[in-house]
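A short worksheet on the structure shown next.
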Amino acid sequence: MTSSAVDPARLAVERRRIFLALFSALAIALHTLEFLLPSPVPWFRLGIANILALMALFLFDGKAAWSVNMVRIVVASLFLGTFLSPRFFLSLSGGILATAAMTTSRKLAGEKIGPVGVSVLGATGHAIGQLLCAWILLVRHDGLWYLLPFLLVLAIVGGVVNGFIADYLLENLRKMPAFAKDSADAVADE
Amino acid sequence: MALNDYWQRLTRLDRGIVVALLALCALLFVALDLRSPGQTVQVRQDQGTVFNAPLSRDRSVELQGPLGVTRLEITNGKARIVSSPCPYKVCVGMGEIHREGEIIACVPNRLLVQVIGQQSIDKEQRYDLISR
């Protein structure tokens with residue numbers, strides 16, 4: 001479906017906006033769903049909302065990933081009623097470090113890194129970000145860092161799972177006209 | 001093998017990152033195990049120290065808390081909580097501690113059992129005054 005009467009550059013901008021809005025909404029939905037699911041280990045979240053940030057990163061660019069993640073963290077916390085609570089700051093600091101790790105690694109490694117690598121690094125960043133926030137704001141006990149190995153293992157597992165999901169999704173999305181590289185409808189610039 | 005199919009989808013760098021992080025994890029776990037054995041068991045309650053004893057001598061102690069009596073036992077240089085009036089018995093499930101810095105906590109009964117050793121004592125001696 002090509003709108004030949006419209007300036008393609010403007011079209012691309014509008015489509016990017018719309019897709020990022022959709023990604024953000026999906027991320028919020030996944031984040032909320034995950035929060036409601038029971039979990040055997042108190043802090044173990046797969047972080048499936050991060051899949052959308054991965055999609056934004058690989059289909060668009062780093063800025064897109066930041067938008068999706070930051071919007072998701074703030075809005076989801078409003079829905080869940082945890083805005084500005086300690087839980088929110090843990091989520092935020094984890095999210096900031098995770099997104100920073102993801103965008104930086106993609107920027108430095110370019111095509112050499114895939115969704116799984118980026119996702120695992122993001123998950124690690126998230127774990128470290130949460131521990132740092134807990135250290136600074138909540139618990140000043142040295143024993144806190146004994147949690148790192150356990151959180152790191154869970155982060156690696158979650159990161160790999162998310163990465164593969166994102167990988168499959170990207171493979172399928174790229175076949176669609178909106179994201180195919182040489183399509184006239186292409187909206188992505190990667 | 002299905003697992004190999006997944007491995008194939010990763011770039012070289014991806015594989016390196018995953019392997020490196022797993023190795024780091026393993027190292028951290030080993031480091032947890034390598035902590036030096038401690039010397040004293042210190043029990044704290046509501047910011048005050050309630051009980052102190054060396055790990056070297058076997059003994060059994062009753063610790064009083066708002067919920068009731070928590071029994072702490074020191075045997076063979078290790079400390080553990082034997083029984084406690086809390087609902088989930090997390091403190092009992094924690095098992096034995098003997099390394100410096102290890103902790104068992106019974107939060108409902110407001111007890112914190114920690115093993116301290118020479119390193120912790122040296123650390124505290126760096127301060128002129130500590131108020132709890």
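Reckoned from all heavy atoms, side chains included, excluding hydrogens, waters and symmetry mates.
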Task: Which portion of A/Ile113 sits near chain B, non-hydrogen atoms under 4.5 angstrom - done: both
Open item on the list: For A/Phe164, which atoms come within 4.5 Å of any heavy atom of chain B: side chain, backbone, both, or neither?
Closed with: side chain
Portion of [X] that has a non-hydrogen atom of chain A nearer than 4.5 angstrom:
{"X": "B/Leu22", "value": "both"}
{"X": "B/Arg15", "value": "neither"}
{"X": "B/Ile103", "value": "side chain"}
{"X": "B/Ile17", "value": "side chain"}

- [ ] Count the heavy atoms belonging to other residues, nucleotides or ligands that lie under 6.0 Å from CZ of B/Arg12, then report whether that count exceeds 12.
- [x] no
Open item on the list: Can you confirm whether more than 12 heavy atoms, excluding those of B/Arg35, are under 6.0 Å from its CZ atom?
Closed with: yes
Task: Parallel, tilted or perpendicular: ring planes of A/Trp145 versus A/Trp135, cut at 30 and 60 degrees - done: tilted
- [ ] Considering only heavy atoms and a distance below 4.5 Å, find which of A/Gly117, A/Pro149, A/Gly114 pairs most often with chain B.
- [x] A/Pro149
Task: Side-chain donor/acceptor of B/Asn52 to backbone N/O of B/Thr40, under 3.5 Å - done: no
Task: Heavy-atom pair with the smallest gap, counting every atom of B/Val115 and B/Arg99 - done: CB-O, 3.4 Å
Task: Ring-face cation contact, A/Tyr168 with B/Arg9, 6.0 Å cut, 45° max - done: yes
